[in-house]
Structures are given as structure tokens and as C-alpha cells.
Amino acid sequence: MSGENLQHLIAMIIYMAAVIGIGIFYAKRANKNADAYFLGGRSLGPWVAAFSAEASDMSGWLLMGLPGLAYWSGLADAGWTAIGLFVGTYFNWLIVSRRLRRYTETVDAITIPGFLSKRFHEKSKLILLVSSLFIVIFFTVYAGQCLSACGKLFENLFGLDYKVMMIIAAIFVLLYTFLGGFLAESASDFMQAVVMVIALVAILSLATISAGGIGAVIENAKSYDGFLSLVRTSTPSTEVANTFGDGQPFKFMSILSALAWGLGYFGMPQVLLRFMGIRSEKELTRSRRVACIWLFIAMGAAVLIGIVGRSVAGLEYTSNAAAENIFIDTATAFLPPVLAGFACAGILAASISSSDSYLLISTSAIAENVYRGMLKKNASEKQVMWVSRIAMAIITIIAMVIAWDKDSTIFGITSFAWAGFGAAFGPAILFSLFWKRTTRWGALAGIVSGGVMVFVWKLAIKPMGGVFAVYELLPAFIIAAIAIVVVSLATPAPEQSVLDEFKQARGK
């Protein structure tokens, strides 16, 4: 290992030691009971809620997937996706956060499946079971992309074996999540969100200077047909780096597909849990502003790193998967070794902050919702904690299998899981919060139709091309919403006790 690589490693070890320290600090409080472990006792401050929501959501996708996409195909796809995500973030905080915080406290729910089940006073727990199943499926995929990001980081930075490092990363995340639960995860996410945004802005600034300034970047980008356009996309060569064919139109359906990413926020458990976990709904306005500012800066910098990268000597990639290393390569090229190590720790920060969220929510769905909610209702807190940890280990192993192929793109893995959550839970959450006529069977129909349609559209319909090539989240979201309305109107209205709770949660 070279001297520079040793400095990279030392910096990353220092960073990870800080993360472990946070876990140890919160371990006692986290293991007090299931409520403390899975939701932190609803004690998050506004800044921690905002930063941890965005950090847990963005993962390694922000530092690797998004810059890689912008580098590979230009501004259109990455730009419209970023716009959709920003709009979705804003409206999620604006219209969902306050009502969800109040409603989950009213029905005493600490998980999303638990809320949906208690919202409709269901006795058979069918919603609880089905929603928990979808959470485990899609979060396992999500955790896989986080582990993939970690493996690619260590392979690129140190020349180490991708699979070995991916496994080591999985073990670290597993042990860390065992230790501290939701509070440790949220506190470390706060720190990681700060690291991520500082690293992005610093790398963007240094890369722009290296490329000869903004003017030189723009002139170079203009030489690639469609690269800077929001209505055209570039066509890079997979044979010769920085060689392009004629640009292609970025069609209306492609724009819709990119913007549809914003719909995913309404069903994203790791974000919704921050709404539930904030200590006071009065602080949600500040959290919304903080979250939106952070996201605007972070995503803007990530997209621009990809754009600027085309003008930086030495950054030459011939595949989208390879281009996802652009953040790592710019960090090691332009920063002193120790600072580069901290910058690359940002990728670990993003991946760990997300994967521990995914593991924690998945295992809460199994331990709290299925085990104690259905199988053993008198289970002790200790039994629930042990079941959650066993489930966590199993899910981690499956995630490693998903991440085994290092040639799969982080962006591609993320898009599928994002669509799954957005379609399965987004409409169900919105209708449950804002339409009192929603019935148990309507919500269940929305969850099932949305989650299943993501698979059907992705695997069977989307390959047909044309208008069917739209991102699977959009049609699945629409179908789920229609299913909720149709089935709710076709089934008996909710009981008065359900309507009374709805009125109470609605407030003024």
C-alpha cells in the first residue's frame, strides 16, 4: 500500500471510529425498549430530523450514481431526476410530515406497517403482514446497492477485491446497527449529511478549477451534442473515452420518468420515520427548510461534478458503471491524501447511513409487526430485540447476494427499489392521511397493486419500449391510487371510531 493510500485509510478509520463512538453513546438508550430502538422515543430535533432524513435517503447513490449518470449521458436525465426529487422532498415535508406525526402518535404506531394497520383498526393484521413483506423485499434491494457502493469504493481506492470489501462493509453495518438503533443511526446521519455536502462542494470547486474554470467547462460540454440540454441526451462511445455520436431527443415520456422520482418520497419509510420521530410537530417547518436547502446544494453539486468531469484530464470512462467512480477519482486527484480519505469517507457515510436505516426498518417490520404483532403478541422486549437482530443478519446476507455483481450500476439498483416503495406505500399513505373514506380493503388493494405492478411493468411491459418505457414508478403509482379509490368506494365505509381518529389526527 502506497503512502497516499495509507493516509486515505487512516482518515477513513478515524471517521468510522467516530461513527462507532456514536453507536456506543446511544446503545444504552436504544436498547431500553422497542420504541426507543426503532423510533428513538420521538425525540429528534429539527436539524437532526432534516439531515438524517436526507442522508438516509440519498445513500451512495448521491455521491456515485448521480454524478456517474450526469457524466455519462449529460444534463437531461440527471437534471430532471434531481428536479423531481427536490419537488417531491418539498411537498412531502409540507403536506405529509405534520399529519403523519400527529396520526402515528394518535394511534400509537412506531412503524409504517404498524400505522397502516392501526389506522384501519384491522384485526386480522393482513395490511401489517403485506406491507411488512414489501418493506423487507425492497429494502433488501436497497441495502444491496449500499454494499455495492462500499465495495466499489475500496476496490477503486485501494485496489482491493470488490467482493471481499463488500462483505466487510456488510459486517460493519450489521454490527453498528445492532448496537445503537434509531437514535445512533439518526445522530450519525446528521454528521454524515454534513460530510457529504462539504465533500461534494469541495470536489466540485477543485474539479472546476482543474478544468480551467466555468467557461472552459461550458465550452467543452457544448462540443458534445446534447450534453448540456434538458431536452436532448448525449450518446457516448463505449469504445473510445470522450467520444460522442449524435445526440438523441430526451422525449416527453423520459422527462416524466425522471420527474416521477419525486413521487417516491411519499412512500419512503426511512424519510417518513423522521416525520414520526421528531419531538414536536411545530419544528417540522424548520426541518423542511433545512432539508430542502441541503438537498438543493447536494444534488446540484453532484450533477455538476458529472458535467465538469468531462472537462477534467484523466477522467475517462467507457461505461456508466465505471463513470460512477468519478467522485472517488476527483477526490484522490485534487485533495491532499488525508482530506481525500475524509471525502471518500463521505461515500461510506452515505452508504452506511442508508443501509443501517434499511436494515433497521426491515427488521422492525419483521420483529415488531409480524413477530409481536401477529405471531406472539405477548412477546417481551428482549425477545423482539433478538428476533430483529436475527432478521437483520438474514437480510444482510441476501443484500450481499444482490450486490455480488460489481458491474451492475448503483443508479439502476436504486431506481427499482425506489419505485417499489413509492408505488406500494405512497398512495396508501396519502389516502390514509387525507381521505377519510379510505377503507382497509382499499389501502390493501393499493399496497398490493402498486408493489406488484412495479415488478410487472419493469420486467414485462417496459421492455416493449415506446410509451411503455416510462419509469415503472409512475404507472404503478397511478394504478395503486385508482385501486384505493375504486375498492374503498366498493366496500363498506369505515367505522365511526376510525372516522373519529381521522378527525382527531387532522386537527384544526
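Here the closest non-hydrogen pair linking Pro46 and Ser287 is O-OG, 2.7 Å. The shortest heavy-atom contact between Ala480 and Gly446 is CB-O, 3.4 Å. Here the closest heavy-atom approach between residue Ala403 and residue Leu147 is recorded as CB-CB, 4.2 Å. The two residues Pro67 and Ile326 make their nearest non-hydrogen contact at CB-CG2, 3.7 Å. Phe120 and Ser432 make their closest contact through CZ-OG, 3.5 Å (heavy atoms, listed as atom of the first residue, atom of the second, distance). In terms of heavy-atom proximity, Ala70 sits nearest to Val303 at CB-O, 3.4 Å.
By the neighbour-count criterion of 12 heavy atoms within 6.0 Å, atom CZ of Phe244 is densely surrounded, having more than that number from other residues, nucleotides or ligands. Atom NZ of Lys462 is surrounded by more than 12 heavy atoms from other residues, nucleotides or ligands within 6.0 Å. Summarising the local packing, CG of Leu94 is surrounded by more than 12 heavy atoms from other residues, nucleotides or ligands at distances under 6.0 Å.
Rounding to the nearest 0.5 Å places CD1 of Ile198 at 12.0 Å from CD1 of Ile203. Put simply, OH on Tyr224 and OG1 on Thr243 are 8.0 Å apart, with the number rounded to the nearest 0.5 Å. Atoms CG and CD1, from Leu100 and Ile95 in turn, are 11.5 Å apart once rounded to the nearest 0.5 Å. The CG atom of Leu129 lies 10.0 Å from the OG atom of Ser117; values are rounded to the nearest 0.5 Å. Distance check, rounded to the nearest 0.5 Å: CG of Asp77 to CG of Leu69 gives 4.5 Å. Within the model, atoms CG of Leu284 and CD1 of Ile278 stand 4.5 Å from one another, a figure rounded to the nearest 0.5 Å.
Taking the six-membered ring wherever Trp is involved, the centroid distance between the rings of Trp93 and Phe275 falls below 6.0 Å. Checked against a 6.0 Å centroid threshold, the rings of Tyr471 and Trp261 count as neighbours. Here the two rings, on Phe477 and Phe425, have centers that are 6.0 Å apart or farther. Ring to ring, Phe296 and Tyr90 are not that close: their centroids are 6.0 angstrom or more apart.
Classification of Arg101 and Glu281 as a salt-bridged pair fails, no side-chain N sitting under 4.0 Å from a carboxylate O.
Side-chain atoms of Phe227 and Ile307, non-hydrogen and from C-beta on, do get closer than 4.5 Å to each other. For the pair Thr81 and Met299, the minimum side-chain heavy-atom distance is 4.5 Å or more. Under the 4.5 Å side-chain criterion, counting only non-hydrogen atoms from C-beta, Trp418 is not in contact with Phe138. Between Tyr103 and Arg506, the closest side-chain pair of non-hydrogen atoms is not below 4.5 Å.
Classification of the Trp435-Phe431 ring pair by plane angle, with boundaries at 30° and 60°, yields perpendicular.
Side chain to side chain, Thr438 and Ser488 fail the donor-acceptor criterion of an N or O pair below 3.5 Å. No hydrogens or angles considered: nothing links the side chains of Gln248 and Thr233 as a donor-acceptor pair under 3.5 Å.
A cation-pi arrangement is present between Arg310 and Tyr71 under the rule of less than 6.0 angstrom and at most 45 degrees off the ring axis.
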Ring pair (Phe, Tyr, Trp, His ring centres under 6.0 Å) between Phe416 and Phe455, worked out: CA-CA 9 Å; Phe416 180 73; Phe455 284 93; 5.1 Å; yes
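Just one residue in the list Arg440, Glu501, Glu495 forms a side-chain hydrogen bond (donor to acceptor under 3.5 Å, both in side chains) with His121, and that residue is Glu501.
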